[in-house]
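First comes the structure, then the notes that go with it.
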Protein chains: 2
Amino acid sequence: MTRLERQHHVRRASIKDIARLANVSHSTVSRALRGSSLISPQTITRIRQIAADSGYRPSAAARSLVTSRSATIGVVVTSIADPFAAEVVLGIEDAADQRDYSVILANSNAQPEREMRVVRAFEERRVDGIIVTSSRVGAVYAELLSQAHVPIVLLNNQHPSEFMHSVMIENLAASRQATQHLIDLGHRRIAYIGDRFGCQSDTERFSGYQSALEAAGLPILTEYTGYGNGSADGGDSAMSELLTLPLPPTAVFCYNDMTAFGAMRAAAARGLRIPTDLSIVGFDDLFFAQFAAPPLTTVRQPMRDMGRLAVESLLHLLAGTPTEANLKMPGELIVRQSTASPQEIA
Amino acid sequence: MTRLERQHHVRRASIKDIARLANVSHSTVSRALRGSSLISPQTITRIRQIAADSGYRPSAAARSLVTSRSATIGVVVTSIADPFAAEVVLGIEDAADQRDYSVILANSNAQPEREMRVVRAFEERRVDGIIVTSSRVGAVYAELLSQAHVPIVLLNNQHPSEFMHSVMIENLAASRQATQHLIDLGHRRIAYIGDRFGCQSDTERFSGYQSALEAAGLPILTEYTGYGNGSADGGDSAMSELLTLPLPPTAVFCYNDMTAFGAMRAAAARGLRIPTDLSIVGFDDLFFAQFAAPPLTTVRQPMRDMGRLAVESLLHLLAGTPTEANLKMPGELIVRQSTASPQEIA
DNA sequence: CTGAAAGCGCTTACAG
DNA sequence: CTGAAAGCGCTTACAG
């Protein structure tokens with residue numbers, strides 16, 4: 001028995017095996033295991049003991065076939081190697097586990113073909129709901145996802161639809177605050193490096209930046225708008241371009257930390273010191289932000305909590321309980337050493 | 001119909017629905033969909049067309065109930081927010097997707113209670129195999145995992161068992177090379193900051209460090225062995241302690257990049273400049289290593305490829321094809337700016 | 001309180 | 001080439 005049990009691909013005990021051992025019908029076993037009030041407490045205890053002894057594990061497949069619930073949620077990320085996504089997924093897995101849901105994780109790599117495969121896999125596995133962590137969810141992708149006919153929660157994005165909730169950060173307020181921080185330090189030539197794909201978070205962060213400048217009576221110059229792509233390389237080249245301007249900015253607010261890391265690298269490559277020659281602000285507060293050179297001033301997003309909240313939101317959608325469809329979390333400006341007053345007079 | 005289809009939780013078309021539409025038995029539909037040679041090509045085409053038109057998606061649950069294969073692999077990580085794990089999982093998901101497997105992701109958080117839950121979930125979902133990405137897989141955990149009666153691949157760890165393969169980096173050679181790099185630069189007082197839990201990778205890396213010192217005729221001093229825990233905080237406190245020594249080391253080889261980041265922070269907190277006053281070498285080459293202050297010299301692990309390889313190894317185990325049980329990948333020393341010749345004479 | 005029966009959506013021998 | 005039947009492992013009305 002022990003020998004057999006160690007082998008791989010043994011047939012697992014089924015409800016029928018337990019029934020035989022317990023001398024009852026398999027219906028009774030099923031009820032006992034589920035704690036039905038129809039079964040006497042002694043029988044329940046006895047049957048559960050037998051089940052435990054024989055290492056019984058209910059088949060999720062069989063159960064979901066009859067209940068038409070898979071107790072599974074599908075999570076798509078553009079790339080799990082993106083630290084932002086990884087933190088969010090941690091929160092999602094955590095909350096899902098607490099509710100006895102399993103997480104099926106898929107990477108889309110921002111490739112339409114992969115996105116299709118992912119949705120198909122989710123459909124075949126009959127996931128109860130889907131969480132999408134990506135700042136770029138185009139109309140086509142959203143349409144595709146909605147074909148799964150299950151509730152969807154978008155993280156860092158939004159889509160007006162009855163079965164699509166969203167969890168986002170207060171982009172506008174947070175960005176305004178970040179930009180204000182630079183203004184307060186005395187900066188007048190403040191650039192923004194965004195995401196050239198123009199996703200919703202980018203649009204909102206850009207608006208926050210603009211509104212802070214406006215409120216301070218500062219001009220909004222198009223040459224101070226750089227276009228990255230959310231990655232370090234994107235930030236690097238956008239920053240490089242900004243630095244070729246006759247009157248380069250003395251401070252930059254970046255769409256996210258990755259972009260900021262790239263901007264730092266570009267500045268360093270040109271011999272600029274941060275924050276003496278250039279102040280840089282990021283967005284996310286990735287774990288690494290504190291280890292950057294110098295430690296990065298940034299807007300902290302409660303990534304894990306956002307993941308947890310996405311699960312809660314999804315469960316509400318599944319239960320049909322009315323809740324806020326578009327949840328907004330506050331961001332928090334974390335001032336570190338990448339920002340300071342400008343040294344030269346503009 | 002379109003209205004209905006947009007709703008959530010619609011009953012999906014089954015093989016029977018297609019059968020009705022096609023005027024054949026559901027057996028025929030099943031065969032046609034699977035491309036059985038028993039069915040005429042025209043019928044296959046016709047039935048597939050109908051299936052596609054009605055948005056049919058086979059139920060993975062029903063299929064796995066009869067085939068007793070779930071086409072699913074369970075992946076446990078200690079924390080998906082660990083960048084190393086995230087990169088590995090990316091590779092895993094990628095390879096799994098190519099082979100039409102889905103990935104069920106679970107975090108164990110190094111908590112025994114969570115580990116039990118994870119194994120149970122994997123058992124209930126009848127995953128076909130398991131990949132464990134964690135440098136610390138104790139005997140208890142391994143025993144627990146093996147109760148799932150499915151093949152297991154350990155990443156960054158090893159366990160002698162017929163149904164447990166492993167994928168690791170050439171720790172010994174890589175660590176020897178990293179230490180040799182410091183010796184070549186002229187360092188004589190070289191410390192090692194390991195993982196105090198003494199996992200296999202730590203033991204091997206420590207051995208590589210020792211063997212390089214020995215080969216160079218340098219003494220191995222116990223006071224130069226620091227104990228971290230794989231995180232930045234662990235590296236920070238271990239480094240801090242090393243720096244209180246009367247004759248502190250001029251170079252440190254760290255168990256991993258996270259530990260190295262912490263060590264850098266500790267050194268900076270004491271006003272030491274890197275690499276002028278202290279050289280630091282990490283292990284992993286996390287994405288951020290190049291953005292550290294200064295960019296970190298480290299041993300690159302091909303994390304994504306290791307993840308892919310783990311899937312291949314698992315599939316071999318599933319297919320019963322004989323293969324190397326313990327795969328070793330080479331590491332690559334990446335020299336950046338955190339290492340230089342020692343400035344003072346020891 | 002307990003059991004026999006039906007059914008969830010598939011696959012696959014077994015007969016035609 | 002096609003269909004009727006059995007069965008995978010559960011849940012749950014329906015009868016006792």
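Nothing here was measured: the structure is a model prediction, and the numbers come from that model.
DNA chain D lies under 4.0 Å from at least one heavy atom of each of the following residues of residues 24-32 of chain B: V24(B), S25(B), H26(B), S27(B), T28(B), R31(B).
Side-chain contact check for R48(B) and Y56(B): no donor-acceptor pair (N or O, by modelled atom type) lies under 3.5 Å. Using modelled atom types, one finds a donor on one side chain and an acceptor on the other under 3.5 Å when comparing S25(A) with T28(A). T78(A) and S134(A) share a donor-acceptor pair across their side chains, judged by distance under 3.5 Å alone.
Among I92(B), N156(B), D82(B), L154(B), the single residue meeting the side-chain contact (heavy atoms from CB on, under 4.5 Å) criterion with T133(B) is I92(B).
When heavy atoms are screened at a 4.0 angstrom cut-off, R12(B) is found touching no nucleic acid atom at all. Among the atoms of the strands shown, only primed sugar atoms or phosphate atoms (P, OP1, OP2) are found under 4.0 Å from some heavy atom of T43(B).
What separates CZ of R69(B) from P of dC10(C) is a distance of 17 Å, to the nearest Å. Here the P atom of nucleotide dG3(C) and the NZ atom of K16(A) are 15 Å apart, to the nearest Å. As rounded to whole Å, 5 Å separates atom P of dC10(D) from atom CD1 of I15(A). Between the C1' atom of dG9(D) and the CZ atom of R125(B) lies a distance of 15 Å, rounded to the nearest Å. The CG-P distance, from N23(A) to dT2(C), rounds to 12 Å in whole Å. Rounded to an integer number of Å, the gap from CD of E124(A) to P of dT11(C) is 11 Å. Atom CZ in R34(A) sits roughly 18 Å away from atom P in dG9(D) (whole-Å rounding). Atom CD1 of I18(B) is separated from atom C1' of dC10(C) by 13 Å (rounded to the nearest Å).
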Taking distance alone, no hydrogens or angles, what donor-acceptor pairs closer than 3.5 Å link side-chain atoms of residues 312-319 of chain A to residues at least two apart or in another chain?
unit_1: E312(A); atom_1: OE1; unit_2: R99(A); atom_2: NH2; d: 2.9
unit_1: S313(A); atom_1: OG; unit_2: H165(A); atom_2: ND1; d: 2.9
unit_1: H316(A); atom_1: ND1; unit_2: E312(A); atom_2: O; d: 3.2

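With both ends at atom P, the span from dC14(D) to dC10(D) equals 24 Å, rounded to whole Å. Here the separation of dT12(D) from dG16(D), taken at their C1' atoms, is 16 Å to the nearest Å.
Mapping L38(A) and L33(A) onto DNA chain D via the closest heavy atom, the residue that lands nearer the 5' end is L33(A). With DNA chain C read from its 5' end, the first of the two nearest nucleotides for S59(B) and P41(A) is the one closest to P41(A). For the pair V66(A) and L65(B), both in contact range of DNA chain D, the more 5′-proximal nearest nucleotide belongs to L65(B).
No donor-acceptor pair closer than 3.5 Å links the side chain of N109(A) to the backbone N or O of Q111(A).
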Is there a side-chain hydrogen bond (donor to acceptor under 3.5 Å, both in side chains) between S40(B) and T43(B) once you walk through the steps? CA-CA 5 Å; S40(B) 77; T43(B) 313; 2.5 Å; yes
Step-by-step salt bridge (Lys or Arg N to Asp or Glu O under 4.0 Å) determination, R114(B) to D97(A): CA-CA 9 Å; R114(B) 275 283 245 148; D97(A) 178 72; 3.0 Å; yes
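Contact of the L65(B) side chain with the R126(B) side chain is not registered, since no non-hydrogen atoms from C-beta on lie closer than 4.5 Å. Between V132(A) and N157(A) there is no side-chain heavy-atom pair separated by less than 4.5 Å.
Comparing dT2(D), dC1(D), dG9(D) against the side chain of S14(A) picks out dG9(D) as the nearest.
Stem regions for DNA chain D, each three or more consecutive Watson-Crick or G-U pairs with both distances under 3.5 Å and listed by first number, read C:1-3 with D:14-16, C:5-12 with D:5-12, C:14-16 with D:1-3.
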